[in-house]
Amino acid sequence: MQLSTRHLEKLSPHKELVVTTSVAMLCLLLAAIFPADNAFQSISKNIFFLVALPILYIKLILKNDLSQWGWNLANKKTGMLLAGGAFLVGLVIFFLMINFAGFSSYYVIDPLVKNNFGFFLLYELVFFNLFFFAQEFFFHGFILSAARQFYMRAIFIQSAIYFLTLLFAKTPILQSAPLIYLSLAGGWVTYKTRSFVYSYISGLLFIIILDAYIIHLIK
């Protein structure tokens with residue numbers, strides 16, 4: 001029995017979700033297994049597999065504008081308010097963890113970053129910045145936008161996938177605790193504003209301040 005046009009139209013969003021999910025998993029797999037000998041190569045492969053390939057898929061296959069996938073500055077007032085709130089809550093949480101739970105002893109910072117202010121700025125504003133942007137676009141832009149049809153559950157879906165990538169990479173969970181927090185808080189900000197830009201900016205500032213505070217305490 002042939003499907004009616006109405007049935008085909010109902011199936012099309014599910015087909016897009018399946019294809020998009022497959023593309024996202026392929027991007028993550030390639031980013032995980034592609035060899036990298038240094039920080040520059042690691043950042044380059046993340047930019048290529050987590051930003052460039054999804055953009056090519058969005059533009060060439062789906063023929064969508066990137067603004068539909070979170071690359072925009074919509075809802076500025078709401079975005080700044082929510083991002084500012086997530087930023088302050090994060091600072092309070094990790095201030096308490098550092099001062100009452102010894103978190104700083106589990107959070108490893110490269111000695112070059114700790115002992116050289118110039119390298120600290122280079123690391124935070126270039127190396128970490130590029131890494132964090134790739135992560136924000138992929139998880140809060142690409143995956144969250146694809147999962148938005150599941151409503152608020154999209155926040156937890158993208159965060160769960162991010163957490164699984166940490167486990168796959170055998171990354172110490174306490175070392176990644178700030179990024180896990182940003183995965184959830186930034187996902188909430190992005191879901192509410194339909195823009196990952198606010199999450200990206202506030203998250204970057206949060207990590208810079210957190211790193212600077214821990215360096216101040218241990219020096």
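Atoms considered below: every heavy atom in the structure, side chains included; atoms not considered: hydrogens, waters and symmetry mates.
Shown are Leu179, Thr165, Leu50; of these, the side-chain contact (heavy atoms from CB on, under 4.5 Å) with Gln135 is made only by Leu179.
A distance below 6.0 Å separates the ring centres of Phe128 and Phe132.
Side-chain contact of Gln68 with Ser145: a donor-acceptor pair under 3.5 Å is absent, judged by distance alone. A donor-acceptor pair shorter than 3.5 Å can be found between the side chains of Tyr200 and Asn129.
The closest side-chain heavy-atom distance from Val51 to Asn46 is not below 4.5 Å. In this structure the side chain of Glu124 reaches within 4.5 angstrom of the side chain of Asp211, judged on heavy atoms.
Note that CD1 of Ile214 and CD1 of Ile209 are 12.5 Å apart. Values are rounded to the nearest 0.5 Å.
The ring-ring contact (aromatic ring centres under 6.0 Å, His included) pairs that include a residue from residues 148-180 are Phe139-Tyr162, where partners are two or more places apart or lie in different chains.
Note: Phe142 and Phe138 have tilted aromatic rings, judged against thresholds of 30 and 60 degrees for the angle between ring planes. Note: Phe117 and Phe120 have parallel aromatic rings, judged against thresholds of 30 and 60 degrees for the angle between ring planes. Ring geometry for Tyr213 against Phe95 counts as tilted: the plane angle lies between 30° and 60°, on a 0 to 90° scale.
The side-chain contact (heavy atoms from CB on, under 4.5 Å) check on Ser44 picks up Phe40, with sequence neighbours excluded.
Grouping Ile, Leu, Val, Met, Phe, Trp and Tyr residues whose side-chain heavy atoms lie under 4.5 Å apart, directly or via other members, places Leu174 in a hydrophobic cluster with Tyr106.
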